[in-house]
Amino acid sequence: MKSGIDYFPLNVQLDSKWALIVREFGAPGLSVVVTVHQYIYGGHGYYCEWNPEVVPLFAEKLRLGRGTVSEIIKAALRRGIFDADLYKKYGIL
């Protein structure tokens, strides 16, 4: 039984949360957030674990530094793109 989905919608007009990520980090910011969404929806379909072991996988895949990926995720959590409470409580995005 498949647990993920094959695609997810992405609005053509991104809201201010996303725009602030792009403003702060440029294209890498958008790339990280979209890639995490792909990981979420392609895996369990509604969450993914996020811990220090996952960060290097994303960094390598996107050819970014680990610190950059971590900072982008922190900004996405701070801006509400991902749920900060679920992250703090369960370590998931």
Side-chain angles (χ1 to χ4, degrees):
M1 184 168 151
K2 186 176 176 169
S3 60
I5 60 175
D6 292 327
Y7 71 95
F8 66 94
L10 180 63
N11 291 333
V12 294
Q13 295 291 328
L14 299 177
D15 66 17
S16 62
K17 298 173 191 178
W18 289 68
L20 289 167
I21 294 291
V22 173
R23 185 172 188 210
E24 186 174 350
F25 299 100
L30 183 62
S31 179
V32 168
V33 175
V34 169
T35 301
V36 171
H37 277 89
Q38 289 174 318
Y39 186 64
I40 289 168
Y41 291 119
H44 295 292
Y46 56 96
Y47 78 94
C48 73
E49 293 183 28
W50 193 260
N51 57 54
E53 293 180 3
V54 175
V55 174
L57 300 175
F58 277 85
E60 182 178 330
K61 179 177 184 171
L62 297 170
R63 296 184 176 162
L64 296 170
R66 293 176 188 181
T68 300
V69 171
S70 294
E71 288 303 311
I72 293 167
I73 294 301
K74 285 179 191 175
L77 286 163
R78 189 172 61 249
R79 293 192 172 104
I81 293 174
F82 301 113
D83 189 305
D85 291 333
L86 291 175
Y87 175 70
K88 287 176 190 170
K89 191 169 185 179
Y90 302 107
I92 61 172
L93 302 176

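Count residues from 1 along the sequence.
For S31, the side chain to side chain contact (heavy atoms under 4.5 Å, CB included) partners at least two apart in sequence or on another chain are T35, L62. Remark: R66 pairs with no residue by the salt bridge (charged side-chain N to carboxylate O under 4.0 Å, His left out) rule, at least two apart or across chains.
The backbone N or O of K88 lies less than 3.5 Å from no partner atom in the side chain of D85, so there is not a single donor-acceptor pair.
Rounding to the nearest 0.5 angstrom, the gap separating the CD1 atom in I92 from the CD1 atom in I40 is 9.0 Å. To the nearest 0.5 angstrom, W50 atom CH2 is 4.5 Å from I73 atom CD1. Taking CD of E24 as the reference point, atom CZ of R79 lies at 4.5 Å (rounded to 0.5 Å). Rounded to the nearest 0.5 angstrom, F82 CZ and K17 NZ are separated by 11.0 Å. Distance check: F25 CZ to L64 CG gives 11.0 Å after rounding to the nearest 0.5 Å. Remark: Y39 OH to F58 CZ distance equals 6.0 Å, nearest 0.5 Å.
Note on L77: it clusters hydrophobically with V55, by side-chain heavy-atom contacts below 4.5 Å among ILVMFWY residues. L86 and Y47 fall within the same hydrophobic cluster, where Ile, Leu, Val, Met, Phe, Trp and Tyr residues are linked whenever their side-chain heavy atoms come under 4.5 Å apart, directly or through other members. In the hydrophobic clustering of ILVMFWY residues, with side-chain heavy atoms under 4.5 Å counting as a link, I72 and L30 come out together. In this structure, V69 is a member of the same hydrophobic cluster as V34, with clusters built from ILVMFWY side-chain heavy atoms closer than 4.5 Å.
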>> Pair W18, V33 - check side-chain contact (heavy atoms from CB on, under 4.5 Å), show working.
In response: CA-CA 9 Å; W18 289 68; V33 175; 3.5 Å; yes
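Taking 4.5 Å as the limit, every side-chain heavy atom of L93 sits out of range of all side-chain heavy atoms of I81.
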